[in-house]
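Proteins get letters first, then strands, A, B, ... in listed order; numbering begins at 1 in each. Keep in mind the model is a prediction, meaning the values are calculated, not measured.
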Amino acid sequence: MGLSDLFSASVLIGIATSGIRLATSYLYAAIGETFSQRSGVLNLGVDGIMLLGAFGSYYVVLTTGSQGLALAAALLIGMILGLFMAFVSVTLKAEQGISGIGLYLFGFGMSDLLYQKLVGTPRPIAGFPKLPIPLLSDIPVIGPILFQHNLLTYGAFLLVPVAAFILNKTTLGLQIRAVGQNPEAADSLGISVTRIRYMTVIAGSTLAGIAGASLSIALLNIFQQNLTNGQGFIAVALVYFGAWRPTGVLAGALLYGLIAALVLAGNTLGLIPRSVSDIAAMMPAIITILALVVTVSRVREPAALTKPYGRGE
Amino acid sequence: MSPNPADTLPRKSIEHLEMRGIVKRFPGVLANNHVNFDVRSGEVHTLLGENGAGKSTLMKILYGLYQQDQGDILINGERVSIQSPSDAIKLGIGMIHQHFMLVPTLTVAENVALGLRSSREPLMDLERVSARIHELSEIYGLRVNPDAYVWQLAVGEQQRVEIIKTLYRDVSLLILDEPTAVLTPQEVDQLFGTLRQMTADGHSLIFISHKLHEVLAISDRITVLRDGSLVGSIPTGEATRENLAQMMVGREVVYSRPIQAVEVGEPRLVLRDVSAISDRETKALSNINLEIRGGQILGIAGVSGNGQRELAQVISGLRPLTSGSILLDDQNIAGWGVKSLRDAGLAFIPEERMRDGAIKDFTVAENLILQEHDVEPYSHGIFLDFRAIAERCQELIASFNIKTPSQETTLKSLSGGNIQKLIMARELARNPNVLVASQPTRGVDIGATEYIHQRILEQRQLGTATLLISEDLDEILALSDEIAVMYEGEIVGIVRRGDATVEELGLMMAGVRPQPQAESA
Ligand SMILES: Nc1ncnc2c1ncn2[C@@H]1O[C@H](COP(=O)(O)OP(=O)(O)OP(=O)(O)O)[C@@H](O)[C@H]1O
Ligand SMILES: [Mg+2]
């Protein structure tokens, strides 16, 4: 095996395909976080929500075999945790960084506890099946890369234009943007800052729940302690990387997915010596952080990000 | 659930709005003490009072931003409850706030559409909004470009957007909280034209301003508040500058004082061929040459936007020069950081006091000590000496007459004029060698203006070289030894006080250069 194997057509297609598949969970989580941050709320608890969403949906598939029910469970878990996060950071006006870390620790501990109590040993499940799109999936090169994925991956990519549309073209999106930039101005025009922030935090958390499910019942088809391995935090970073725009987030998620796929391929092909494989596994994170440092200009940051709002009475 | 009165009330025009016995308490302050106030359709009713008198508070209650502790609001004789701005908007009440309520990252049209139902719900209908904005700007003579981003607009334009926002909502009563504080005289004239048209259409207007000539020009009735209580209400026909000032301050106000002669010292601030560019990368200053000696006040007159802001910024280290030099007591300070400038004896009173002059979430004490916190006796090594700080702050609060419930009050709950006094106190307390004061009395009441002027003149007596930038020509004429007029980033001319009439200065402000040859001949 040599470096030339990496550049054969089939391997490259394989890397691109798995890059897209790996980007799925990041997309759900980061697009969700984009909504929340655009309205001015930093939700650092994404990873915890993902873990609970991942476990919940995994457990439902394990016990009922229904993927539909499992997805519904992930949605519900995300919503409930989102409601909790919104209550703490919007109504109680808690420091958002701290409440997010708290939510993460809760999700981390709770998902592991439930897993130990209810499942115990690793038991694989049948995940979402591949759903090749007729005709399109037969196109050479593009077909396998883009059109031979499972439902959740398609959903994640569809979410990008939908999110961009909501933010940029609808009255709701306008309200979200205004609340994140100048909540006082929005309030003075009769917009309920609280209502908008609850909506975005809950929607964002629901998407984080689905992000978790996309790992446990559509990609890895298993659950274990700390299944997400910090993906939720990377997702928060991707929002900054994407300059709070869904298309920017998409670019970041793809970059991340591709680098991760490249490292995986390098490992399987034996190109990466054992001694450095741990370091190689950290490459995506390292490269993303570097890219973040180089590219992020905070100019576009929502001016009211992390700032609770009250009428100043 | 009981229906919200604002929802059930049929929307009709406000013939008569009345506030009765309004009481509002904040921690340590009685902001409104049994205040009665009313306004009728087609009239301009002015609310007058010193900084902190409770004007904004009363209006915020009317707009649903605050809830009164006692008292009633009646529209056309019926009691209404206004729990939030959306109730107020439904009742036909609009407000233009003392600090603009615009979202800078959105366009004009988006700012106007914000919070309204669209005709294509859930999609925005910005074309329709733009069309209506065009209509309104035609009718009321308010020039705006619906597609411009608000951050690109000058303050005067932002104000027009605020007015359009309320007209778009079809308000029947409009509250204008110090709308003229940031406008040039020409813009004030335009605004008054719009306001007269609105009253002719049957709108009711509540107007707040500290400038008495404006108040006398636009209002039908004037109500004066002092320390939260009603002093009285008079028709404008019976009002004069003197009796209004008397009502506001409770004593007689001296408008102009003779300027005492002082011994003029060495040049302390010298600008040589200073050029700089603006935020929009256009030329803001070209080859400015100025010299101010100790004990001298140089006034910079001009219509705002002609480089005054940039001039203040280059001297105070907030903007780089592209060429030239600035000498402070013979040291070239071009390119120095803010801290070294302060140590060299420069004091700066910025135009945007909330952004550049003070930290609104800090307490009064913290803001007062901001620049001295790291020197003896206020700190020893890395430790702050809170006792020394408290004593110092008490002294400054007393000597500058800052109205605040305590030192621990956060700055943002002080009234605008008191924030300005706080900045003055902090800057002048160090007895600076050079003082740069930008619009030092903007939004400040007449009592405090008189006081600030007095302090600037005292500083002159002590040998400070002062650069005074102001759009208020009266202020320039009252204080300056020499007057430089700026136009499009250049100094059009420098005249000694008394050598130029207001008309001549006005011409220079429009860019017409004086002709020295004719005089010397
Ligand atoms: N949110 C608040 N919290 C605490 N105190 C407040 C608050 N808002 C206003 N105050 C206090 O109430 C008093 C009245 O303030 P207000 O802003 O109504 O004055 P104003 O007449 O509008 O003055 P200015 O001419 O300076 O704008 C002041 O003493 C102010 O410090
Ligand atoms: Mg006020």
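- A distance of 12.0 Å separates CD of A:Glu301 from OG1 of B:Thr105, quoted to the nearest 0.5 Å.
- Residues B:Met95 and A:Ser188 are not in side-chain contact: their nearest non-hydrogen atoms beyond the backbone lie 4.5 Å or more apart.
- In terms of heavy atoms, B:Ser86 sits closest to A:Gly190 at CB-CA, 3.6 Å.
- If you measure heavy-atom distances from B:Lys165 to chain A, the contacts under 4.5 Å come from the side chain alone.
- Contacts between residues 70-98 of chain A and chain B, defined by a heavy-atom separation under 4.5 Å, are made by no residue at all.
- B:Tyr66 places no side-chain N or O within donor-acceptor distance of the main-chain N or O of A:Arg311, the cut-off being under 3.5 Å.
- Within the 4.5 angstrom heavy-atom criterion, only side-chain atoms of B:Leu106, from C-beta onward, approach chain A.
- For A:Asp187, the parts lying under 4.5 angstrom from a heavy atom of chain B are both the backbone and the side chain.
- Comparing B:Gly115, B:Pro122, B:Ser413 by heavy-atom pairs within less than 4.5 Å of chain A, the highest count is held by B:Pro122.
- Closest approach of A:Gln175 and B:Leu114 over heavy atoms only: CA-CD1, 3.9 Å.
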Output, in order, the C-alpha distance, side-chain angles, deciding distance and verdict of side chain to side chain contact (heavy atoms under 4.5 Å, CB included) for A:Thr170 and B:Glu121.
CA-CA 8 Å; A:Thr170 67; B:Glu121 215 54 67; over 6 Å; no
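- The candidate from B:Asp125, B:Leu102, B:Thr410 with the greatest count of non-hydrogen atom pairs under 4.5 Å with chain A is B:Leu102.
- No more than 12 heavy atoms of other residues, nucleotides or ligands lie within 6.0 Å of NZ in A:Lys169, so this atom counts as exposed by the packing criterion.
- Ranked by heavy-atom pairs under 4.5 Å with chain B, the first of A:Leu174, A:Leu172, A:Ile166, A:Asn182 is A:Leu174.
- With a threshold of 4.5 angstrom between heavy atoms, B:Asn111 approaches chain A through N, CA, C or O but not through any side-chain atom.
- Heavy atoms closer than 4.5 Å to chain B are found in the side chain of A:Ile191, but not in its backbone.
- Considering every non-hydrogen atom in both B:Ser118 and A:Thr171, the closest pair reads CB-CG2, 3.7 Å.
- Between A:Ala185 and B:Val103 the shortest heavy-atom distance is CB-CG2, 4.2 Å.
- When the shell of 6.0 Å around OH of B:Tyr149 is examined, it contains 12 or fewer heavy atoms from other residues, nucleotides or ligands.
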Could you please spell out the steps behind the side chain to side chain contact (heavy atoms under 4.5 Å, CB included) verdict for A:Phe165 and B:Leu123?
CA-CA 9 Å; A:Phe165 184 81; B:Leu123 299 186; 3.3 Å; yes
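- Residue B:Arg128 qualifies as open at atom CZ: its count of foreign heavy atoms under 6.0 Å is 12 or below.
- Looking only at side-chain heavy atoms (C-beta outward), B:Glu110 and A:Arg177 come within less than 4.5 Å of each other.
- You'll find the side chain of A:Asn168 stays beyond 4.5 Å of the side chain of B:Met124, heavy atoms only.
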